[in-house]
Amino acid sequence: IATWFSANALPHLVECVSLAAENGNSFAAGVLKNLRRNSPTSLSIAFRQIRTGAELSMEECMAMEFRIVSRMLVGHDFYEGIRAAVIDKDRNPQWKPVSLDAINPADIDGYFAPLGEKELTIP
């Protein structure tokens, strides 16, 4: 587990977990199922957020979280996840993009960019 989650890139983490699952590791199979079920965009953001947040102060982490949430609320996948789980209950979300391979790093960067005058200020 430590090896998987110490990967320096999300595709590498998925590859390591996938290999373990193919070799009969049932825990890895469950992790892989969860990774494949979730939004590639959200996975990419969360992976970067965890890595980045480890080096930030609490105030900086809260500002980062606010930036991410502010942008997720105007994106596709947040509402698609709600639709699939709560509204239609079909459990078949149509993520955009559909895979980690289709993720544009610049799009992920956008979630972390400063918000200008809308930036969170903590007294």
Side-chain angles (χ1 to χ4, degrees):
I1 295 170
T3 300
W4 303 340
F5 289 96
S6 66
N8 61 356
L10 184 57
H12 181 66
L13 180 150
V14 174
E15 180 183 326
C16 290
V17 173
S18 181
L19 288 172
E22 289 172 12
N23 287 322
N25 184 317
S26 61
F27 178 75
V31 169
L32 186 61
K33 181 179 176 183
N34 285 330
L35 290 172
R36 288 182 174 158
R37 177 183 70 210
N38 292 308
S39 158
T41 299
S42 293
L43 288 172
S44 297
I45 292 167
F47 186 86
R48 179 170 167 184
Q49 185 179 14
I50 290 167
R51 300 281 182 297
T52 302
E55 304 296 321
L56 301 178
S57 69
M58 179 63 173
E59 290 81 11
E60 291 168 325
C61 283
M62 295 307 297
M64 177 178 62
E65 182 73 22
F66 185 76
R67 292 174 188 144
I68 293 167
V69 169
S70 295
R71 291 186 170 107
M72 281 191 169
L73 291 175
V74 296
H76 171 268
D77 283 4
F78 177 76
Y79 296 100
E80 178 60 14
I82 291 172
R83 183 211 56 79
V86 179
I87 298 170
D88 295 343
K89 298 179 183 172
D90 63 9
R91 304 274 184 224
N92 188 28
Q94 303 302 306
W95 306 125
K96 291 182 184 175
V98 299
S99 69
L100 288 174
D101 294 339
I103 292 288
N104 179 345
D107 292 340
I108 302 306
D109 291 344
Y111 285 88
F112 293 84
L115 292 168
E117 63 185 44
K118 294 182 181 180
E119 192 71 45
L120 177 69
T121 54
I122 301 173

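All figures in this text were calculated on a predicted structure; none of them were measured in a lab. We count residues from 1, following the sequence as given.
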Are the side chain of [X] and the backbone of [Y] linked by a donor-acceptor contact shorter than 3.5 Å?
X: Glu80; Y: Gln94; result: yes
X: Glu15; Y: Pro11; result: no
X: Trp95; Y: Arg37; result: yes
X: Asp107; Y: Ile103; result: no
X: Asn92; Y: Ala84; result: no
X: Thr52; Y: Gln49; result: no

Are [X] and [Y] in one and the same hydrophobic cluster, where Ile, Leu, Val, Met, Phe, Trp and Tyr link if side-chain heavy atoms are under 4.5 Å apart?
X: Ile45; Y: Phe66; answer: no
X: Leu43; Y: Val98; answer: no
X: Phe78; Y: Ile87; answer: yes
X: Phe5; Y: Leu10; answer: yes
X: Leu13; Y: Leu19; answer: no

To the closest 0.5 Å, what do you measure between [atom1] ([X]) and [atom2] ([Y])?
X: Leu115; Y: Glu117; atom1: CG; atom2: CD; result: 10.5 Å
X: Trp4; Y: Asn25; atom1: CH2; atom2: CG; result: 4.5 Å
X: Tyr111; Y: Arg67; atom1: OH; atom2: CZ; result: 15.5 Å
X: Leu32; Y: Cys16; atom1: CG; atom2: SG; result: 11.5 Å
X: Arg51; Y: Ser6; atom1: CZ; atom2: OG; result: 7.5 Å
X: Met72; Y: Asp77; atom1: CE; atom2: CG; result: 8.5 Å

Under 4.5 Å between any side-chain heavy atoms of Arg83 and Asp90, yes or no?
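Yes. Closest side-chain heavy atoms under 4.5 Å.
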Arg36 and Ser18, any side-chain heavy atoms less than 4.5 Å apart
yes
What are the two closest non-hydrogen atoms of Ala102 and Pro97, and how far apart are they?
CB-CB, 3.6 Å
